[in-house]
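See structure below.
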Amino acid sequence: MESTAKKRRCSFNKDWETTYHWVKPVQGDSQRVFCEVCQSSFSVSHGAPERSGREFGSRKPRREEGEPRTEKMPLDQDWTAVYPAATPFRAGSVPLPVRMGYPMKGGVPPEKKGNLELIKIPNFLHLTPAAIKKHCEALKPFCTEWPSALDTDAKCDEHFPIKVECTDYVSSGLSVRNPSARIVQLKVKLSILNLDDHARKKMLKLVGERYCKDTDVLTITTDSCPLRQQNYDYAQYLLTVLYHESWKTEAWEAEKTVADMEEYSWEGSPSQKNIMDMLLRMKVAGEGEGEEVQEQLLARSEVQEYKDSVTRLKNEGDNESSVLQYKEAVKKVFNL
Amino acid sequence: MAAPTTLRRELLPLARILGGISHLKPRSLTVCSGHRKCSVTWSHLPLTPSTSFHTAVFLSSTPSAITVTEEPDTLFQKVLVSVKGHDSTVLDSYEFFATMAAKELGITIGKVFEPPKDIERMTLLKSVHIFKKHRVQYEMRTHYRCIELSHITGSTAKVYLEYIQRNLPEGVAMEVKKTAMEKVPAHILKPLWEDVPTEDKPSQ
C-alpha cells in the first residue's frame with residue numbers, strides 16, 4: 001500500500017494459499033508463513049512470499065540426521081580402523097565426552113558437537129598405543145641392531161674416532177629444502193692421528209681457532225658447497241691435506257723465532273743466562289772457568305728445580321702453586 | 001675388536017607400508033578401505049614435507065621385500081630430535097608418541113628434555129594512521145622438546161625418522177642432528193713422504 005500514509009507490515013493473506021501451494025499459515029503469528037518444501041517458517045512482514053520463489057522445488061527437504069556412530073560402537077572395537085590416518089576430529093566418531101573452549105560466566109566448556117576448537121587442534125587419535133604397536137611391528141624388519149661390542153662411548157671413540165655431524169630440517173613452508181642442511185661438521189681428536197712433535201705443532205698453527213685445547217678436538221666446519229655430500233668430501237679432503245702438510249718441513253720453517261714458539265723452553269733463554277751469571281759471581285762452584293763450571297752448575301738439583309719452576313710459571317701462568325714453587329726454588333738456589 | 005657387520009637395509013618398501021609418497025589431502029569422511037592410494041588429487045599441491053601428509057597406515061597382506069646390501073651401515077652415536085611448536089600440549093602428545101615408537105623399535109633413548117620456551121613480543125600501532133599513543137601488543141610463544149637417542153644404526157635411524165616425520169602434526173617443525181662415527185681414513189694413517197721429505201708437490 002504505497003501512499004502518504006504510514007507503511008504497514010504485511011500479514012498473512014488467504015489468497016497466498018491458492019497461489020503458492022507450499023504456503024501454510026503459522027498459528028499465533030500472522031507475520032510469518034510456513035513453507036512445506038523446506039520445513040521452516042519465514043517472515044512476510046515485508047511483502048508476499050514471492051521472493052521465496054527460489055525455494056519452490058529447488059531444494060530437497062533436509063533429511064534427518066541419524067544416530068551418531070558413537071552409539072553403535074562396541075566396547076572392544078578396533079580403534080585403529082576408526083582412525084587409521086590423521087584426520088580432523090569428528091564428534092560423531094569419537095565416543096568420548098570431550099569438552100573444549102572457554103567457559104562463559106556460570107557455564108561449562110562447550111560440548112564436542114560442532115566445536116571448532118576440537119577441529120582446529122591437531123589430534124593424535126590415529127596414534128594410540130595400539131596403533132603405534134601395529135606400525136612398529138610392521139617396521140621392525142627394516143631395522144638393524146647396534147653392534148653389541150660397542151656398548152660404551154669410550155669404545156666407540158676408540159674404534160671410530162672421527163665424528164661427522166649434520167642436521168636435517170622438517171618444516172612446512174613453500175619449499176622442502178633448508179639451506180642450513182648442507183653444513184657438515186667433522187670432529188676428531190688430534191691424539192688419534194699419527195703426528196710427531198713437529199707435525200703436531202705445525203698442525204696447530206695451520207688450524208688456528210678450529211682446535212680446542214681443553215678437549216683436544218679439531219673441528220672442521222664446511223658450508224661452502226651447496227650440497228651436503230660435497231661439503232663432507234671437502235671436509236675429508238681438508239683433514240687429509242692438513243695431516244700431510246703438517247708432516248712436511250719447509251725451508252722457511254728454519255726461520256722460526258722465539259716469538260713463534262708455542263711453549264717456553266728454558267735452554268738458551270735470558271733466565272738461564274741470568275742465573276748462570278749470578279751463580280758464577282757468587283762463586284758457588286768454586287774455582288775453574290768455562291764449560292765445566294757451567295755443566296756442573298746445570299747438573300745441580302737446585303738449578304734444575306729453578307728451571308722447572310720458571311718453565312711452569314711461563315707456560316701455565318700465575319697461579320698460586322706455580323708462584324710458590326718458584327719462590328721455593330729461588331730460596332734454595334741462593335741458600336736463603 | 002668390534003667390526004660392525006650390520007648391513008644396510010633398503011627402505012623403499014617402507015613407503016609402501018606407510019602409504020607411499022602421495023599428494024593427498026586428508027578426506028575427512030571416508031576411510032580408505034584396503035587401497036592406500038586414493039586416485040583423487042584435489043589440486044597440484046607442492047610436495048611439502050610430512051606435515052600435510054597423513055597417509056593411511058593400512059598394513060598390506062603381501063610382505064614387502066627387504067633388500068640387504070653389502071655396504072656397511074652408518075653408525076650414529078647420537079641422534080638429537082628437537083621439535084618446536086606453538087602449543088606445548090601438542091608437543092607433549094608428540095613426545096609420548098615418539099618415545100613409545102622408539103621403545104617399540106628397540107632404540108635406546110638418552111634423555112628427553114624441554115628447553116625453555118621463547119616468547120617474541122611486539123608492540124604495534126593500533127591504528128592505520130596517527131594515534132601514536134594507542135598500541136596493541138602481540139606475543140608468539142615457541143615451545144621446544146628434545147629427544148636424544150643414542151647408539152642407533154643408519155637403517156634404524158632412517159626407519160624411525162621417516163615414521164616420526166610422517167606423523168608430525170600441523171604447525172610443528174623438527175630439527176634432527178645426527179652425529180655419525182667413522183674410522184680414520186686409510187690415507188691418513190701414515191704420512192706420505194716419510195721417504196722423500198723434501199718433495200715439493202704433494203699428492204693426496
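Everything quoted here is computed from the prediction, not taken from an experiment. Numbered from 1 within each chain, the chains take letters A, B, ... in sequence-line order.
- In terms of heavy-atom proximity, A:Lys140 sits nearest to B:Glu104 at CE-O, 3.2 Å.
- Here A:Thr167 is the residue among A:Thr167, A:Leu193, A:Thr128 with the most heavy-atom pairs under 4.5 Å with chain B.
- Taking all atoms of both residues into account, the shortest heavy-atom contact from A:Leu127 to B:Tyr163 is CD2-OH, 4.2 Å.
- In this structure, OH in B:Tyr160 is found 9.0 Å from SG in A:Cys136, a value given to the nearest 0.5 Å.
- Across A:Ser246, A:Ala181, A:Pro122, the residue that shares the most heavy-atom pairs under 4.5 angstrom with chain B is A:Pro122.
- Atom CD of A:Glu65 sits in a sparse spot, with 12 or fewer heavy atoms from other residues, nucleotides or ligands closer than 6.0 Å.
- The shortest side-chain heavy-atom distance between B:Glu170 and A:Ser172 does not fall under the 4.5 Å cut-off.
- Around NZ of B:Lys117, the count of heavy atoms belonging to other residues, nucleotides or ligands within 6.0 Å does not exceed 12.
- Rounding to the nearest 0.5 Å places NZ of B:Lys183 at 11.5 Å from CD1 of A:Ile162.
- The distance from the SG atom of A:Cys156 to the CD atom of B:Gln77 is 5.0 Å, given to the nearest 0.5 Å.
- Counted within 6.0 Å of CZ on A:Arg210, heavy atoms from surrounding residues, nucleotides or ligands total 12 or fewer; the atom is thus considered open.
- Heavy-atom distances place the backbone of B:Ile152, and not its side chain, under 4.5 Å from chain A.
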(request) Give the intermediate values and the outcome of side-chain contact (heavy atoms from CB on, under 4.5 Å) for residues B:Thr179 and A:Lys187. (result) CA-CA 10 Å; B:Thr179 310; A:Lys187 287 193 183 173; over 6 Å; no
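- With hydrogens and angles disregarded, a donor-acceptor distance shorter than 3.5 Å links the side chain of B:Thr153 to the backbone of A:Thr144.
- For A:Lys155, the NZ atom counts as densely surrounded, since its 6.0 Å shell holds more than 12 non-hydrogen atoms of other residues, nucleotides or ligands.
- Shown here is A:Lys72, whose NZ atom has more than 12 heavy atoms of other residues, nucleotides or ligands within 6.0 Å.
- For B:Lys84, the NZ atom counts as loosely surrounded, since its 6.0 Å shell holds 12 or fewer non-hydrogen atoms of other residues, nucleotides or ligands.
- Contacts between B:Phe96 and chain A at a heavy-atom distance below 4.5 Å involve the side chain alone, from C-beta outward.
- A heavy-atom distance below 4.5 Å is found between the side chains of A:His126 and B:Asn167.
- Heavy-atom distances place the side chain of A:Ile192, and not its backbone, under 4.5 Å from chain B.
- Few gaps surround OH on B:Tyr144; more than 12 heavy atoms of other groups in view lie less than 6.0 Å from it.
- Residues of residues 105-116 of chain B lying under 4.5 angstrom from chain A, judged on non-hydrogen atoms, are B:Leu105, B:Gly106 in numerical order.
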(request) Tell me, with the steps shown, if A:Glu165 and B:Lys78 meet side-chain contact (heavy atoms from CB on, under 4.5 Å). (result) CA-CA 9 Å; A:Glu165 205 176 279; B:Lys78 196 169 83 164; over 6 Å; no
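- Interface remark: A:Ile132 contributes backbone and side-chain atoms alike to the contact with chain B (heavy atom separation under 4.5 Å).
- Within the 4.5 angstrom heavy-atom criterion, only side-chain atoms of A:Tyr232, from C-beta onward, approach chain B.
- One distance of note links NE2 of A:His244 with CD1 of B:Ile188; it measures 6.5 Å at 0.5 Å rounding.
- With rounding to the nearest 0.5 Å, the separation of CZ in A:Phe160 from CD in B:Glu182 is 9.5 Å.
- Among residues two or more places apart in sequence or in another chain, the side chain to side chain donor-acceptor pair (under 3.5 Å) test is passed with A:Asp216 by A:Ser191, A:Tyr211.
- Closest non-hydrogen pair, B:His151 versus A:Asp151, comes out as NE2-O, 3.7 Å.
- Here the closest non-hydrogen pair linking B:Ile66 and A:Pro141 is CD1-CB, 3.3 Å.
- Heavy atoms of other residues, nucleotides or ligands lying less than 6.0 angstrom from NZ of B:Lys177 number 12 at most.
- Proximity to chain B is limited to the side chain of A:Ile121, based on heavy atoms less than 4.5 angstrom apart.
- When side chains are defined from C-beta on, B:Leu75 counts as touching A:Pro147, because their heavy atoms get closer than 4.5 Å.
- In this structure, the portion of A:Phe124 lying under 4.5 Å from any heavy atom of chain B is its side chain and not its backbone.
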